[in-house]
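Start at 1 with the first residue, then count along the sequence.
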Amino acid sequence: MLPVVTGEEMRRIDERAIRDLRIPSATLMENAGRGAAEAVLAWLAAAKRSTRARRVVVVCGKGGNGGDGFVVARHLKRRGVRCEVLLAASDTGVRGDAAAKLRELRKSGIRPAAVTDAAALGRFLAGADLIVDALLGTGARGGAEGLVAATIAAVNASGCPVISLDIPSGLPADGGAPLRDAIRADATLTFAGLKRALVMPPGREYAGRVSVIDIGIPASEVTRGITTFVVEDADVARHFPTRARDAHKGTYGHLLIVAGSVGKTGAAALAAHAALRAGAGLVTVATPASQQPVVAGLVLEAMTAALSEGAFGHVGREAWDALVTLVAARDGIAIGPGLGLDGETQELARRLVSETPAPMVVEAEPVTALVGHLHLQRKAGAARCLTPHPDEFARMLGATTADVQRDRIAAARNFATAYRVHLVLKGAVSVIATPEGTVVLNPTGNPGMASGGTGDVLTGMVGAFLARGLAPHDALVSAVYLHGVAGDVAAERMGEESLIARDVITALPEAFKRVRA
């Protein structure tokens with residue numbers, strides 16, 4: 001997994017590297033600039049642009065990010081690139097390591113041009129084949145102002161490809177919308193570790209393709225004390241080795257799905273179908289008696305169990321004894337898809353959450369049933385995995401959706417640790433939190449998945465992985481990641497506009513192949 005750091009965490013990493021590892025700050029800056037220059041050269045090569053025939057403009061501020069830019073320009077010139085530097089500050093404003101790198105830049109034969117006015121900026125940038133943004137780094141506070149703000153506007157208006165160093169200038173390092181204008185980059189070369197704004201909306205829309213540049217700080221030092229990460233293919237693939245030749249259906253667990261009600265049998269069927277595609281050996285769907293034939297007809301490979309009904313075709317409290325028997329013979333439980341909001345059903349859902357001695361994933365209606373009863377999760381005898389979307393999560397907290405969305409990472413982390421549950425807060429970049437406070441961010445998926453039923457698919461997948469014996473955190477991470485990969489496969493096949501939940505299920509086999517590859 002790739003570590004994701006805040007601006008303050010990155011400052012502490014740099015500080016430890018300088019103090020404890022005795023790496024001079026000027027060396028870190030040199031390493032950053034040299035590594036970024038190599039990445040720029042690779043970009044020029046991939047774009048089939050001759051280094052000598054093309055013009056690269058590096059726009060620099062007065063701080064450390066500007067110092068990185070001075071190093072980039074010097075190394076590009078050394079490699080034969082026609083490189084020019086635009087300085088959005090006075091020479092006297094550049095201090096420390098950046099000042100030393102500015103002197104080295106001048107010795108190399110590059111004399112920075114000074115920013116004067118907007119018209120001059122536009123003329124200077126016109127005709128550039130690439131702009132390297134080195135105006136503001138992670139240490140910047142507040143929105144861009146003055147010459148820097150004017151330079152950001154001119155870069156965005158130039159129409160030229162842009163590569164940002166560390167973070168697009170003007171973007172808050174720790175996430176959230178920029179206070180003023182920010183660079184909209186085609187790519188970002190970030191140093192040592194991913195910054196939070198580069199992986200969370202809306203910042204990731206400004207960053208383009210993100211690459212991490214090694215600046216000489218050992219990986220163990222970058223990850224020390226970090227509790228937020230981005231999941232990668234390898235983190236998921238390790239949980240799904242090649243199946244043994246003597247495997248049988250019992251090897252891969254038996255999942256019980258408690259789901260469905262009048263008008264919502266499709267949700268139960270989608271969860272069951274997804275669980276089977278996710279590799280569960282056996283799946284049983286427990287559903288209201290009147291709906292059992294419908295579910296059985298929709299998913300031929302799953303077994304079904306008829307439950308006593310309350311009012312309006314919902315599972316009633318009289319189903320408890322039957323459920324106790326069903327649970328006892330199953331390896332994992334999934335409750336929620338299409339279960340409904342009937343009072344008796346919610347009461348039953350709360351009992352299942354608090355009293356069932358098996359790992360469980362809880363979705364949609366049962367999540368709502370926990371409002372005002374969150375303490376029940378602490379009584380559970382096995383792991384509980386919750387999968388709310390922001391509106392459901394806000395109801396659980398007694399907050400607004402805006403409150404939740406303001407800092408999704410903190411909201412998910414605080415809830416998971418307070419109630420000792422595993423949580424995925426769904427959305428663009430789903431946030432997965434553990435009772436111990438670790439957070440994993442999911443980079444897969446696309447807007448085409450914002451349609452009814454995709455949440456039921458995810459529930460079935462989480463349940464399948466729990467039944468297969470994966471630890472709760474591994475089950476959640478693997479399900480969310482593969483769910484997103486399958487959505488991306490489906491979008492490649494048919495576009496985002498027409499994508500439906502069944503398309504995600506159909507794409508699961510290809511998703512497994514891609515992750516293993």
Side-chain angles (χ1 to χ4, degrees), residues 1-14 63-65 133 135-144 152 156 164-185 187-212 222-223 225-232 388-391 393-394 397 399-417 423-434 437-447 477 480 484:
M1 290 192 182
L2 296 173
V4 179
V5 301
T6 64
E8 175 58 24
E9 286 169 336
M10 191 65 234
R11 187 193 65 77
R12 290 200 298 267
I13 291 168
D14 283 337
N65 199 242
D133 158 38
L135 290 165
L136 299 172
T138 57
R141 296 291 179 267
I152 289 173
N156 285 340
S164 288
L165 301 186
D166 208 20
I167 192 168
S169 294
L171 194 66
D174 295 345
L179 296 176
R180 297 185 182 85
D181 204 4
I183 292 287
R184 291 189 174 271
T188 298
L189 307 174
T190 197
F191 303 129
L194 289 168
K195 312 309 181 293
R196 186 175 291 187
L198 301 178
V199 294
M200 293 296 289
R204 70 173 186 161
E205 308 306 323
Y206 289 79
R209 185 180 180 88
V210 178
S211 302
V212 178
V222 175
T223 58
I226 301 303
T227 56
T228 305
F229 301 88
V230 167
V231 63
E232 300 179 280
H389 58 59
D391 289 347
F393 193 52
L397 296 175
T400 67
T401 303
D403 291 333
V404 169
Q405 297 291 72
R406 193 169 295 115
D407 191 341
R408 290 163 51 81
I409 292 174
R413 193 195 312 271
N414 293 341
F415 186 91
T417 55
L423 176 85
V424 53
L425 178 56
K426 293 186 289 194
V429 184
S430 291
V431 178
I432 305 161
T434 71
T438 299
V439 167
V440 173
L441 308 176
N442 178 60
T444 64
N446 62 81
V477 169
V480 172

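- Residue Pro3 comes nearest to Val222 through the heavy atom pair CG-CG1, 3.9 Å, listed as atom of the first residue, atom of the second, then distance.
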Q. Does the side chain to side chain contact (heavy atoms under 4.5 Å, CB included) test come out yes or no for Val431 and Met200, once each step is laid out?
A. CA-CA 10 Å; Val431 178; Met200 293 296 289; 4.1 Å; yes
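- Using modelled atom types, one side-chain atom of Asn156 and one backbone atom of Ala182 make a donor-acceptor pair closer than 3.5 Å.
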Q.
Please evaluate residues Val4 and Lys195 with respect to the criterion side chain to side chain contact (heavy atoms under 4.5 Å, CB included), reporting the C-alpha separation (whole Å), side-chain torsions for both, the decisive distance (0.1 Å), and the verdict.
A. CA-CA 5 Å; Val4 179; Lys195 312 309 181 293; over 6 Å; no
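- In this structure, Asp166 contributes its side chain and Phe191 its backbone to a donor-acceptor pair below 3.5 Å.
- Considering every non-hydrogen atom in both Gly7 and Asp174, the closest pair reads N-OD1, 2.7 Å.
- Note: Asp391 CG to Gln405 CD = 8.5 Å, rounded to the nearest 0.5 Å.
- Note that CD1 of Ile167 is 13.0 Å distant from CG of Leu135, once rounded to the nearest 0.5 Å.
- A distance-only check finds no donor-acceptor pair linking the side chain of Asp403 to the backbone of Ala399 [under 3.5 Å].
- Panel note: side chain Asn442, backbone Gly484; no donor-acceptor pair is recorded below 3.5 Å.
- Here the closest heavy-atom approach between residue Ser164 and residue Pro168 is recorded as OG-CA, 3.4 Å.
- Although no hydrogens or angles enter the test, the distance criterion places a donor-acceptor pair under 3.5 Å between the side chain of Thr188 and the main chain of Ala207.
- When only modelled atom types and interatomic distance are considered, Arg413 and Thr438 share no side-chain donor-acceptor pair under 3.5 Å.
- Side chain of Thr190 to backbone of Leu194: no donor-acceptor contact under 3.5 angstrom is found.
- Interatomic distance, Ile226 CD1 to Thr223 OG1, rounded to the nearest 0.5 Å: 7.5 Å.
- Judged purely by atom type and a 3.5 angstrom limit, Asp133 has no side-chain atom pairing as donor or acceptor with the backbone of Leu165.
- Residue Ile183 holds its CD1 atom at 11.0 Å from OH of Tyr206, rounded to the nearest 0.5 Å.
- Annotation for Gly137 and Asn65: closest pair N-CB, 3.5 Å, computed over non-hydrogen atoms.
- Here the CD1 atom belonging to Ile152 is positioned 5.5 Å from the OG atom belonging to Ser169, to the nearest 0.5 angstrom.
- By the neighbour-count criterion of 12 heavy atoms within 6.0 Å, atom CZ of Arg209 is sparsely surrounded, having that number or fewer from other residues, nucleotides or ligands.
- Heavy atoms only, all atoms of each residue included: Ala433 and Ala412 are closest at CB-O, 3.5 Å.
- Side-chain atoms of Arg408 come within 3.5 Å of backbone atoms of Val429 as a donor-acceptor pair (strictly under, hydrogens ignored).
- Atom CZ of Arg196 is separated from atom CG of Leu441 by 8.0 Å, given to the nearest 0.5 angstrom.
- Judged by distance alone, the side chain of Asp181 and the main-chain N or O of Gly170 form no donor-acceptor pair under 3.5 Å.
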Q: Show the numbers, then the answer: is there a side chain to side chain contact (heavy atoms under 4.5 Å, CB included) between Val440 and Met1?
A: CA-CA 8 Å; Val440 173; Met1 290 192 182; 3.7 Å; yes
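- Under the 4.5 Å side-chain criterion, counting only non-hydrogen atoms from C-beta, Phe393 is in contact with Leu423.
- The backbone N or O of Val424 sits nowhere less than 3.5 Å from a side-chain atom of Lys426 that would complete a donor-acceptor pair.
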(Q) Under the criterion side chain to side chain contact (heavy atoms under 4.5 Å, CB included), I'd like the reasoning laid out for Val439 against Ile432: C-alpha separation, chi angles, the key distance, then a yes or no. (A) CA-CA 5 Å; Val439 167; Ile432 305 161; over 6 Å; no
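- The two residues Pro172 and Pro178 have their closest heavy-atom pair at CD-CA, 3.7 Å.
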